[in-house]
**Q** 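Got a structure here, written out as structure tokens. Questions coming.
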Amino acid sequence: MGEEQEDRKPASSAAAVFDAEAANGLVGELRGSFRSGRTRSYEWRVGQLKAIWRMCDEHEKDVVDALALDLSKPELESVVYELGMVKGSCKTALKELKHWVRPEKTKTGLATFPSSAEIVSEPLGVVLIISAWNYPVLLALDPVIGAIAAGNAVVLKPSEIAPATSSVLAKLVAKFLDCSSIRVVEGGVPETTALLAQKWDKIFYTGNGHVGRIVMAAAAKHLTPVVLELGGKCPVVVDSGINLQVATRRIIAGKWGSNNGQTCVSADYIITTKDYAPKLVDSLKKEIERFYGKKPLESKDISRIVNSNHFARLTKLVDEDKISDKIVYGGERDKDSLRISPTILVDVPQDSLIMNEEIFGPLLPILTVNKIEESFDLINSRPNPLAAYLFTNNKELKERFVMSVSAGGITINDITVHLAVHTLPFGGVGESGLGSYHGKFSFDAFSHKKAVLYRGFAGDATLRYPPYTKTKLRILKAFVTGDIWGAIRALLGWA
Amino acid sequence: MERLAESVAELRQTFKSGKTRSVGWRKNQLKALSELVRDNEEKFFEALYQDLGKHPVEAYRDEIGVVVKSVDCALSCVEKWAASKKASLPLLFFPSRAEVIPEPFGVVLIFGSWNFPISLVLDPLIGAISAGNAAILKPSDLAPACSYLLANLIPQYLDRNAVKVIEGGVDVSQQLLQQKWDKIFFTGSPSVGRIVMAAAAQHLTPVTLELGGKCPAIVDTISKTYDMKVTMKRIVGGKWGPCSGQACIGIDYLLVEEKFASFLIDSLQKILRRFYGENPRESKSICRIINNHHFMRLKSLMKDPLVADSIVHGGSFDEEKLFIEPTILLNPPLDSELMTGEIFGPLLPIITLNNIQESIEFINSRPKPLAIYAFTGDESFKKQIVAETSSGCVVFNDTMVQFICDTLPFGGVGQSGFGRYHGKYSFDTFSHEKSVLHRGFFPELEPRYPPWNDFKLKFIKLAYSFKYLELLLLLLGFKK
């Protein structure tokens, strides 16, 4: 995912500085609130979840406007991929919460007979959520929903790279949610550093691997568990013999139609066969034009690049000498409006910049192979991506792809949509992060699963206790290996 | 260092070959591990006696038996665990299919601990193998006989290209931590846990930290004589039974009402005599202290005059034999080191309260322990303990036995660590849950795609709230 906190903005002079001391005070306050037990009550959780839903419903326009300012995000994308997803998560949590909080009864074995046991989900305490700029509403509020559902007190640090959204979130959260337990801290690197110096009971970070390492190292000081939602270069393998038009449209929707490629699960590059590449490129061109017109730089249906830093980063990728002749489509840009048109490159070299960092923008390289099976090795020779996609009608290829490609998640014959399925855990592996969320997985990410074992006093076996003897050893062995007769024989003194 | 990097590279090669992924390989390795433990029982007893003076019964109960039971459980369940799980989908996604596939992380590192030098290495290994990983084991160098034995036996029984033991001390651990791992499983102290996690952060490696903490036992007044007797036995069994108190889930201190304290002390003394005889120094049924360093640490805990004054039973030690007598202390100062740090030894402080309910506040004002034990018949007090305190686990009316329940997740929270294992949880700890969504090319929903207009916005809004009827009306043009 994109670089968080890269351009520092001077803190506004009037406002008090949010330093480590202020952060400490804030955490202390929330800890007091958590200790009081208010966030543990089922009613509190439901009340807060409903409030988030209402907040998104009543202030749709404010949020859409903020997203337009920060990213020129089309209204539909804002309403559907940000607010719609948040509301969906609220609804799922509200509907399922009573099942989630219920202790899970478990069986107990012969060794502890007679006994009963359950697993109780308890809130971790005070948690920190640091979110990203590309989906500044969804990636902030979706984890908050999990944290609240699990009964935690929360501090949310929205990304300063989407300042309008950050400010709207701060205002709305203060207005709609219980400020004794849920707070927003706005700011950049200094504020984040101050927050990270505190002791948290969980840190949930969405962003890039570089900052992810800093977050985890800071968490290590306090033994705080972390969830790191990072990104990576998500590959799309396109086999021949498919419904090319549908595949192409789905790829476009998941690439340029998802925040103009500035999405952690977006298509980063395509792998297809040499023979099929020209057809694919033609189809992409045709559908892109149908979606965004002949002048995509002017289309209102596509987000812009978030800021000039990222604009410069992306132009550097396409301007590299060895790939300038690989562009087969697009490549237009407008520095003033921070727009880069959908750009397709074919057969870029493996050692080019564009193939060695997460693109996170509207550039789409297509790599070609002789046989589609070669794509597996190509993908597996790189760090694990957050998602991997395959378009094919070949059942065997599907199976092999699913089994041999390691990624956070996989979708066959579509892209990015697995993210919207709340019954699937969403999260990375390796370089793409650790931990997962969405639906019940969000609740679990912010819960401690406490084992509770109830024993009575009956059935106390002396063989547990000293003084230890040979007979005790024999009986114990018989029990452990499930040799009931052996145990009885030993108990009766026959063995 | 180079040799180490080579070992990791070799394991990575093995993992890449896909060999460890097959359920057949996993089962073979688990069977081999089971054989390893069963064939060499006597050797393990010997090594454990050498390192800790552990009696074979204790060794079997807490180490060999634990491994045997875990392997059996994994062998009978691994196929089920490794199978993909279907996930339900909303109608909107029709026709699609979703599943969650557990896949191995890759090459994992397991740090064992000296107090249960066999089970705390092999029990996590069972999880790592079940999940299809290659593993490097680093047993604790403080239990050298056990470490040496494992280093010798593992290559004889397990796949040498996939499971390796690396022996050594701090320097070797540091070198190991510089490598890139796909998962690190650590059992030990919070201070080393921090170092492990900080090193893991460099490679974004997920970690499980199994730490300890001061595990309290709340002892409510129990009226029935039989129940009281069982309680006393279980307290003694949970304090001095496991490695003479050198156990992360051993009882650290007792909380009891003041009026009940003297009876409690009398009863404990009686049981201690019954278990370890008049002269516990001669008893074969209790472990010694692991080494001189820890012996001196424990001795110095008792040095504080205020602490020394609070000793009501025991208190003697034998430096040569590294033996410390089971010792009971009544109300040592709460700010003494004995009560601020994890004791990890045969000293048992008893803290008295006016009312047993106060124990909740007492526990909550300290870091979260790995276990809370409570002896009580009061159902509402039980509920209160579960709801109002936080710990890795809670056990009512017994001690230690949660460790052998394969159905219960074992692991800490807060200061006592994070992540969990045992049974299926061990498998999960070493697996990545990969989400897989299978879609067809038909039907295709046109409103997914730009150029955007109001109709498409309405359509998607309805789709997102799963209002299928209204969606239909919209499509048919009956809805504006």
Side-chain angles (χ1 to χ4, degrees), chain A residues 74 76 79-80 84 88 106-109 111-112 117 120 122 209 212-213 216-217 220-221 223 225 243 246 249 253 257 291-292 301 402 406 409-414 418 421 423-425 429 431 434 448-457 460 464-468 472-473 476-477 480-481, chain B residues 55-58 60-61 65 68-69 87-89 98 100 103 190 193-194 197-198 201-202 204 206 209 227 230 233 237 275-276 285 386 390 393-398 401-402 404-405 407-409 413 415 418 432-441 444 448-452 456-457 460 464:
Chain A
L76 187 134
V79 169
V80 175
T106 70
K107 283 188 213 151
T108 54
T112 58
V120 176
E122 65 173 32
R213 285 174 168 83
M216 190 170 168
K221 292 201 182 83
L223 297 170
N243 185 331
V246 171
R249 303 176 71 158
F291 287 179
Y292 305 115
D301 293 336
V402 167
S406 178
I410 286 177
T411 297
I412 305 293
N413 293 335
D414 207 331
H418 63 293
V421 179
T423 52
L424 290 176
V429 60
E431 283 291 313
L434 53 102
H448 163 54
K449 303 289 171 184
K450 182 159 78 176
V452 183
L453 181 62
Y454 298 86
R455 287 269 283 151
F457 294 100
D460 196 46
R464 283 172 61 182
Y465 306 118
Y468 300 132
K472 285 184 181 174
L473 179 59
L476 208 58
K477 268 194 203 168
V480 167
T481 50
Chain B
H55 188 282
V57 172
E58 194 183 322
Y60 196 86
R61 184 195 62 198
V68 168
K69 167 202 67 65
S88 62
L89 282 173
V100 178
E103 67 172 29
R194 290 185 174 90
M197 187 174 173
Q202 297 316 305
L204 296 171
L209 300 179
D227 292 357
V230 172
K233 286 202 281 188
F275 283 5
Y276 305 113
S285 298
V386 172
S390 180
C393 60
V394 181
V395 177
F396 290 104
N397 300 329
D398 208 338
V401 287
Q402 75 274 26
I404 53 171
C405 286
T407 50
L408 286 179
V413 58
Q415 197 71 8
F418 58 80
H432 161 57
E433 291 205 308
K434 183 162 74 176
S435 299
V436 181
L437 180 64
H438 301 264
R439 298 264 289 143
F441 289 101
E444 184 65 343
R448 268 179 75 176
Y449 305 112
W452 303 132
K456 289 182 181 177
L457 181 58
I460 300 182
Y464 262 62

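Atom set for the values below is all heavy atoms of this structure, side chains included, hydrogens, waters and symmetry mates excluded. Quick note on labels: first sequence line is chain A, next is B, and so on, each numbered from 1. These numbers come from a predicted model, not from an experiment.
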**Q** Tyr449(B) vs Phe291(A) aromatic rings, parallel, tilted or perpendicular, using cut-offs 30° and 60°?
**A** parallel
**Q** Please state whether the side chain, the backbone, both or neither of Val79(A) comes within less than 4.5 Å of a heavy atom of chain B.
**A** side chain
**Q** Is it the side chain or the backbone of Glu433(B) that comes within 4.5 Å of chain A heavy atoms, both, or neither?
**A** both
**Q** So do Val413(B) and Lys450(A) actually touch side chain to side chain, heavy atoms under 4.5 Å?
**A** no
**Q** Return the CZ to CG distance between Phe441(B) and Asn243(A), rounded to the nearest 0.5 Å.
**A** 6.5 Å
**Q** Would you mind checking which part of His432(B) comes under 4.5 Å of any heavy atom in chain A, side chain (CB onward), backbone (N, CA, C, O), both or neither?
**A** side chain
**Q** Among Asp227(B), Val230(B), Leu408(B), which residue has the highest count of heavy-atom pairs closer than 4.5 Å to chain A?
**A** Asp227(B)
**Q** Taking Leu89(B), Val386(B), Leu209(B), Val68(B) one by one, which has the highest count of heavy-atom pairs under 4.5 Å against chain A?
**A** Val386(B)
**Q** Top residue by heavy-atom pair count (under 4.5 Å) with chain B, among Tyr454(A), Tyr292(A), Tyr465(A)?
**A** Tyr465(A)
**Q** Among the options Lys233(B), Gln415(B), Glu103(B), Gln202(B), pick out the one with the most heavy-atom pairs lying under 4.5 Å from chain A.
**A** Lys233(B)
**Q** Against chain B, label Lys221(A) side chain, backbone, both or neither, depending on which of its atoms sit under 4.5 Å from a heavy atom there.
**A** backbone
**Q** Where does Leu457(B) contact chain A at under 4.5 Å (heavy atoms): side chain, backbone, both or neither?
**A** both
**Q** So do Asp398(B) and Arg464(A) actually touch side chain to side chain, heavy atoms under 4.5 Å?
**A** yes
**Q** Is Val120(A) close to chain B through its backbone or its side chain, or both, or neither, when contacts mean heavy atoms under 4.5 Å?
**A** side chain
**Q** Indicate yes or no: at least one non-hydrogen side-chain atom of Pro425(A) is less than 4.5 angstrom from one of Val100(B).
**A** yes
**Q** What part of His448(A) lies closer than 4.5 angstrom to a heavy atom of chain B: side chain, backbone, both or neither?
**A** side chain
**Q** Please give me the minimum heavy-atom distance between Pro466(A) and Phe275(B), naming the atom from each residue.
**A** O-CD1, 3.0 Å
**Q** Name the region of Phe418(B), side chain, backbone, both or neither, that has any atom closer than 4.5 Å to a heavy atom of chain A.
**A** side chain
**Q** So which residue, Ala217(A), Ala253(A), Pro225(A), Gly409(A), ends up with the most heavy-atom pairs under 4.5 Å with chain B?
**A** Pro225(A)
**Q** Do Arg194(B) and Leu223(A) have side chains that approach each other closer than 4.5 Å (heavy atoms only, starting at C-beta)?
**A** yes
**Q** Count the heavy-atom pairs under 4.5 Å between each of Val421(A), Leu434(A), Asp414(A) and chain B, then report the option with the highest count.
**A** Asp414(A)
**Q** Heavy-atom distances under 4.5 Å only: say whether Pro467(A) touches chain B with side chain, backbone, both or neither.
**A** both
**Q** Counting heavy-atom pairs closer than 4.5 Å to chain A, which one of Pro190(B), Ser390(B), Pro56(B) comes out on top?
**A** Ser390(B)
**Q** Checking Thr407(B) side chain against Lys107(A) main chain: does a donor-acceptor pair fall under 3.5 Å?
**A** yes
**Q** Does the side chain of Ile410(A) reach to within under 4.5 Å of the side chain of Lys434(B), using non-hydrogen atoms?
**A** yes
